[in-house]
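Any value given below was found using the heavy atoms of this structure, including those in side chains, with hydrogens, waters and symmetry copies removed. Every number for a ligand or one of its atoms is a count from 1 in the order of the listing. Keep in mind that what you see is a predicted model, and the values were worked out from it rather than measured.
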Amino acid sequence: MKIEVKVCSPSSYRGEAIVVCHFEDSSKLDGAALELDRPSGGILGDLIKRGDFTGKLAQVSVVYTRGALPAYRVLLLGLGKKKDFDLEKARRAFAKAARSVRDLGLAEFAVCLDPAPGGAALEDMTEAAVEGVILGLYRFTQFKTAEENGPREIRRLIFLASDDREARRMKDAAAAAETVSKAVCFARDLVSTPSNEMTPTDMARRAREAAVSKKVRLTVLGDREMRRLGMHALLAVARGSMEPARFIILEYSGGRRGEKPYVIVGKGLTFDSGGISLKPPEKMEEMKADMSGGAAVLAVIKAAAELGLPLNLVGLVPATENLPGGRAYKPGDVLRSLSGQTIEVISTDAEGRLILADALTYAGRFKPRAIIDLATLTGACIIALGDDVIGMMGNDAGLKDGLRKAAGETGEKLWELPIWDDYAELIKSDVADMKNTGGRAGGAITAAVFLGKFVGDTPWVHLDIAGPAWLSKEKPYIPRGASAVGVRLLLRFLRDQAAKRRGK
Ligand code: BES
Ligand code: MN
Ligand code: ZN
C-alpha cells in the first residue's frame, strides 16, 4: 500500500471514499465532518440525529453521497468518548475503518484528521492512523491458494492536509509509522511461517533483510564457530535436531564511533517440542512461534536502520530447534556455558534460558549501554499475568521506566515481576553451579533469575512474551496468530532514547 499526503479540503476531495472522525459525546458535527455536512445538505448530521451513528469506538457508517459531494462515499468513524480517547483508541478505530474499506472492495481511500481529535498532536494521530491501517489489514496468505484470499488489497491511502506545512508534518510522521508497521508485519511473517520453512538457517537468511544499509553488518556463526567459542549451552539444545543451529549477529552503527550500543537479544527457537522432556501434543503446533523474540529483534534492527536512528544497536538471535533426537541432550546432563558457569539440566523443555545464557554472555563483548532480551520463555508468565501481558524483570530502574513508558505509548501491556535474591535458592544444584528449572512456583521469575547470572552488572531487562506473542483471539489491529509484540515497544523505546540524547 502506498501512503500519500495531499493538500486538499475534504469537501473537494474526489474519490471512492473519505474517512472522517466523530466523538461519541458530541451531538453536533465538527471539523471535517461538519465541512462535508454543510454542502451535502446534512446527509451526515442526519445519521447522528436519527441515532444510526453514535460515534462509539470503531463504529463505521458508510454514507453514499449520491452527487452531493465529490467523494462517492463518506465513512463516518467513531472515536468513542472524548475523555477516554488516546492513541491506542485511534489505532483500533482506524484498523476497523481500513477493514471496512477493504470489505467494500475499494482500491484506495482518503483520511481526514482535521482537526486532530482529542487535542492529540497531528504527528501522533497520523502515526496511530497509519499503524492501525497497516497492522489491521495484515493477513498471512503465503500458504493459501489465490482463490481463498478474500477481498483484494487496498493499494493507496491518502491523508488530506489543509496546507503545505501540515502536509510536511504528516508526511514525516506517516513515513516513520509505515517503516515501523512494516517491520511489525515482517516479524509476523517470520513467526507465522511454519518451522519446516523457518529453520535456524532460514532465519539467518531472512536476517539479511535487516541489513538494509552499509550501516548494518550481519554475521552468522555456525556450528564450528560456536563450538570454538564454547557456546555449549546453546549447542546442547541443538543436538536433538538434524537442523544446525545458527547464531545471528546484526550490528547497526547509527551513532558515533565507540559509543556504547544497546544490545537486544531474542530467543530464536524455530520449533520447541520440549526435547526429551517432550511437551504434550495439544497446541504443540504453536511452538513454531517460539522464535517470536528473535523475529522481533530482526525487525527492530531493520526498522532502526531504515529510520536512521542516531544510536548504535546490536541484535543477537540464538536460533535452533529443540527436538528429541538420538543425540539429544537429556535431563541430568551438565552443560558448560560460554560464561564458564555449569548448568544441570532438569528439563530439556527449559531450553530458552540455555540458549539465552550463551547469547547474554556474548552480549557482554559489546560493552553494552544496556541489554534487553525478548523471549517466549515460560508458561508460568502466562499463569501469572494472563495471555495479554509482557512480564518485565530486570536490574535497572531507569531502563524499566523507559520500557514502561514506551509500552504505555504503544499499547503493549507490560507488568513487572520481582527478581529478589531469595529466588536464587530455587535454582541451586547439587552437582553444578545452577540448574535450569526452579519448580512450578514463580517459574517466570526463576527463569529470569537464571538469565541474570549471565548478565553481570550491565543494565538489563528481560521481557517474557510467552503470552502476547501468539493470539488465539483476534484484536482490533492484531489478527489471530503472530502478534510481533515487542517490535513497536522496542522501537518506541529506542526512538525515545535517541530523542533524549539529541535534546541534550
Ligand atoms: N517455549 C516455552 C514457553 C511457552 C509456553 C511459550 C507456552 C509460549 C506458550 C518454553 O521453552 C518452555 O517450555 N518453558 C517451560 C519451562 C519449564 C520446563 C520450567 C514451561 O513454561 O513449561
Ligand atoms: Mn521449552
Ligand atoms: Zn521454548
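- Residue G443 places no heavy atom under 4.0 Å from ligand 1.
- Taking only non-hydrogen atoms, the option from R440, E286, M287 nearest to atom 8 (C) of ligand 1 is M287.
- Using a cut-off of 4.0 Å between Lys/Arg side-chain N and Asp/Glu carboxylate O, D388 and K475 are scored as salt-bridged.
- Under 3.5 Å, the side chains of T378 and D464 contain a donor-acceptor pair of N or O atoms.
- Side chain to side chain, D433 and T342 meet the donor-acceptor criterion of an N or O pair below 3.5 Å.
- Contact check for N436 versus T348: no side-chain heavy atoms found under the 4.5 Å cut-off.
- In summary, R495 and E127 engage in a salt bridge, as defined by a charged side-chain N under 4.0 Å from a carboxylate O.
- Counted by atom type alone, W470 and D387 present zero donor-acceptor pairs between their side chains at under 3.5 Å.
- A salt bridge between R480 and E474 is absent, with no side-chain N of the basic residue lying under 4.0 Å from a carboxylate O of the acidic one.
- Under 4.0 Å from ligand 1, not a single heavy atom of L269 appears.
- In this structure the side chain of V133 reaches within 4.5 angstrom of the side chain of M1, judged on heavy atoms.
- Given atom 20 (C) of ligand 1, the protein heavy atom at minimum distance is G379 N, 3.8 Å.
- For the Mn ion (ligand 2), the set of protein N/O/S atoms nearer than 2.8 Å consists of D272 OD2, D349 O, D349 OD1, E351 OE1, ordered by chain and number.
- At least one heavy atom of R353 sits closer than 4.0 Å to an atom of ligand 1.
- The protein non-hydrogen atom at the shortest distance from atom 15 (C) of ligand 1 is D349 O, 3.9 Å.
- The shortest distance between side-chain heavy atoms of D103 and S100 does not fall below 4.5 Å.
- By the 6.0 Å contact criterion, NZ on K413 is open, its count of non-hydrogen atoms from other residues, nucleotides or ligands being 12 or less.
- Panel note: side chain S337, backbone Q341; a donor-acceptor pair is recorded below 3.5 Å.
- Of all protein atoms, those of element N, O or S that lie under 2.8 Å from the Zn ion (ligand 3) number 4.
- When every heavy atom of Y329 is checked against every heavy atom of R239, the shortest pair comes out as N-CB, 4.4 Å.
- Looking from atom 19 (C) of ligand 1 to the surrounding protein, the closest heavy atom is T437 CG2, 3.6 Å.
- Only the side chain of S347 comes within contact range of ligand 1, with a heavy atom under 4.0 Å; no backbone atom does.
- Enclosure of atom NZ in K279 by more than 12 non-hydrogen atoms of other residues, nucleotides or ligands within 6.0 angstrom is indicated.
- When only non-hydrogen protein atoms are considered, atom 14 (N) of ligand 1 lies nearest to L377 O, 3.4 Å.
- Between the side chains of D202 and T199, at least one donor-acceptor pair of N or O atoms lies under 3.5 Å.
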